[in-house]
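Quick caveat, the model's predicted, so the values are computed rather than measured. Just so it is clear, the values below take in all heavy atoms, side chains as well, and ignore hydrogens, waters and symmetry mates.
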Amino acid sequence: MLNKKLSLTLLTGIIIILSACNLISKPPEPKATESPANVQTKREDYKAIDLANKAKPDQLIGADPKAIALSTFGQNQSLIEGNFDQQVKVDYPQPDQAVVTITQTGLPDDSVRGIRYRIELSPKESAQTGKQWQIMWAGQQFTCREGRGHQDWSTEFCQ
C-alpha cells in the first residue's frame, strides 16, 4: 500500500514537472509589430513630391516600373563615395498598380542619413507602345544623422 502511494505521488510529481517544462519551453507568441515593409506601404507616411518639378512627363513613362523609378529618383552608386547604399523593392499590390520603394542610406550629407522614396505607377495601354507604366504619385521620407533631428523615418526635414 505504501509503495502504491509512493508510486502515485512520484507519478503525480513527474506529471506536474513535465507540464511545467512544457509551459516554460513553449515559445512566446510573436508580437504584432510594424515591420519596415509595412511602414513602406502607407502612402500617408510619405511627403508628396511634385512630379512636375522632378521630371518631364515623358520621363515618367516606360516599360519597367523599377527602371522608371530609378531613372527619376535613383542615384548612380559609382558616383557617390563612402558608405552609400541603395535598396530597391518592387511590389504589385494590385494588377493595375506597381509600388517601387527606393531606400538610400549613407548619403554624403551632414544632416540626412537616409531618404526613402515611394513611387506608385499605373499601367497605360497604347496601340503604338503596348503596356507602359506611368508614375502617378511619389513621396519621400527622411532619417537624420545623430544630433540633426529624428532618427526614425519621417516626413520632417533634418536640421
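When the shell of 6.0 Å around CG of Asp96 is examined, it contains more than 12 heavy atoms from other residues, nucleotides or ligands. Heavy atoms from other residues, nucleotides or ligands lying under 6.0 Å from CD of Glu125 number more than 12.
The backbone N or O of Gln94 sits nowhere less than 3.5 Å from a side-chain atom of Gln97 that would complete a donor-acceptor pair. Distance alone, capped at 3.5 Å, is enough to place a donor-acceptor pair between the Asp109 side chain and the Ser111 backbone.
For the pair Arg116 and Thr101, the minimum side-chain heavy-atom distance is below 4.5 Å. A 4.5 Å side-chain heavy-atom check between Phe73 and Val88 finds every atom pair outside the cut-off. Using a 4.5 Å cut-off on side-chain heavy atoms (C-beta onward), Arg43 and Asp45 make no contact. Using a 4.5 Å heavy-atom cutoff, the side chains of Tyr46 and Trp153 are not in contact. Between Gln134 and Ser122, the closest side-chain pair of non-hydrogen atoms is not below 4.5 Å.
Taking all atoms of both residues into account, the shortest heavy-atom contact from Lys131 to Pro123 is CE-CB, 3.5 Å. The minimum heavy-atom distance between Ile68 and Ala63, with the atom names listed, is CD1-N, 4.4 Å. Residues Arg145 and Leu107 approach most closely at NH2-O, 2.5 Å, considering heavy atoms. Among all heavy-atom pairs drawn from Pro95 and Trp133, the shortest one is O-CH2, 4.1 Å. Of all non-hydrogen atoms in Thr72 and Lys54, the two that sit nearest each other are O-CE, 3.3 Å. Nearest heavy atoms, Arg118 versus Lys42: NH1-N, 3.8 Å.
Note that NE2 of His150 is 4.5 Å distant from SG of Cys158, once rounded to the nearest 0.5 Å. Distance SG/Cys144 to CD/Gln151: 7.0 Å, rounded to 0.5 Å. Between atom CD of residue Gln140 and atom CD1 of residue Ile119 there is a gap of 10.0 Å, rounded to the nearest 0.5 Å. For the atom pair OG1 (Thr143) and CZ (Arg113), the distance works out to 3.5 Å, reported to the nearest 0.5 Å.
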Exercise. Can you check salt bridge (charged side-chain N to carboxylate O under 4.0 Å, His left out) on Arg148 and Glu146, steps first, answer last?
Worked result: CA-CA 5 Å; Arg148 300 305 297 262; Glu146 198 169 316; over 6 Å; no
For this session: In sequence, state the C-alpha distance, the side-chain angles, and the governing distance for Tyr117 and Gln141, and then conclude on side-chain contact (heavy atoms from CB on, under 4.5 Å).
Result: CA-CA 7 Å; Tyr117 296 100; Gln141 296 176 322; over 6 Å; no
For this session: Walk me through it: do Leu60 and Leu51 pass the test side-chain contact (heavy atoms from CB on, under 4.5 Å)?
Result: CA-CA 9 Å; Leu60 302 175; Leu51 294 173; 4.1 Å; yes
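Criterion: ILVMFWY side-chain heavy atoms under 4.5 Å apart, direct or through other members. Under it, Leu121 and Tyr92 are part of a common hydrophobic cluster. With hydrophobic clusters built from ILVMFWY side chains whose heavy atoms lie under 4.5 angstrom apart, Ile102 does not share a cluster with Ile61.
Aromatic ring pairs are classed by plane angle as parallel below 30°, tilted from 30° to 60° and perpendicular above 60°; the pair Phe157 and Phe142 is tilted.
Counting only N and O atoms by type, the side chains of Gln86 and Gln75 include no donor and acceptor under 3.5 Å apart.
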